[in-house]
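Every value quoted in this text rests on a predicted model; they were computed, and no experiment measured them.
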Amino acid sequence: MATKFRPLHDRILVKRVDADARTPGGIIIPDTAKEKPMEGEVIAVGSGTRDENGTLRPLDVKAGDRILFSKWSGTEVKIDGEELLIMKETDVLGLIENPQPLRKAA
């Protein structure tokens, strides 16, 4: 990414992970029938949130984590021609441990 972007506070910058274009049976799914993936990779994170005492609490996610989020989470933005999402950490449903390697589309 040529432009430097740093989310503020409890926000994170996420790149959607592309879903496989084929079903397990080999049927190719056209772009018009695909749903937006609800899985992504964290690109950047904000500094964290402040509690009632003013103490900074860092976020649980970090850059490079694979996450699962709800379908309508975040705000879509385009940075350097790349479609990304900015969302709050509370929109993250969980971390994906030991993610499967991404398959190349045929």
Determine, step by step, whether V14 and M87 satisfy the side chain to side chain contact (heavy atoms under 4.5 Å, CB included) criterion, reporting the C-alpha distance in whole Å, the side-chain angles of both residues, the deciding distance to 0.1 Å, and the verdict. CA-CA 8 Å; V14 177; M87 65 179 68; 4.2 Å; yes
side-chain contact (heavy atoms from CB on, under 4.5 Å) with I86: which of L8, L13, I12? L13
Are L59 and L95 linked, directly or through other ILVMFWY residues, by side chains that come within less than 4.5 angstrom of each other? yes
Least distance between heavy atoms, M38 atom then L68 atom: O-CD1, 3.2 Å
Decide, yes or no, whether a salt bridge links D65 with K62 under the criterion of side-chain N to carboxylate O below 4.0 Å. yes
So, taking the atom named OG in S73 and the one named CG in L85, what distance separates them when rounded to the nearest 0.5 Å? 8.0 Å
Taken to the nearest 0.5 Å, the spacing of H9 NE2 from L56 CG works out to 10.5 Å
Report yes or no: does D51 contribute a side-chain atom to a donor-acceptor pair with the main-chain N or O of N53 at less than 3.5 Å? yes
Do I67 and L93 belong together in a cluster built from hydrophobic side chains that touch within less than 4.5 Å? no
If you round to the nearest 0.5 Å, how far is CD of E89 from CG of D10? 7.0 Å
Passing candidate, salt bridge (Lys or Arg N to Asp or Glu O under 4.0 Å) with K15, options E83, E39, E41, E82: E82
Any side-chain heavy atom of F5 within less than 4.5 Å of one from D80? no
Report the C-alpha distance between E76 and R16 in whole Å, list the side-chain angles of each, state the deciding distance to 0.1 Å, and finish with yes or no for salt bridge (charged side-chain N to carboxylate O under 4.0 Å, His left out). CA-CA 10 Å; E76 293 182 355; R16 287 187 195 265; 3.6 Å; yes
Contact between L84 and K78 at the side-chain level, heavy atoms closer than 4.5 Å - yes or no? no
Output, in order, the C-alpha distance, side-chain angles, deciding distance and verdict of side chain to side chain contact (heavy atoms under 4.5 Å, CB included) for V61 and V45. CA-CA 8 Å; V61 297; V45 298; 4.0 Å; yes
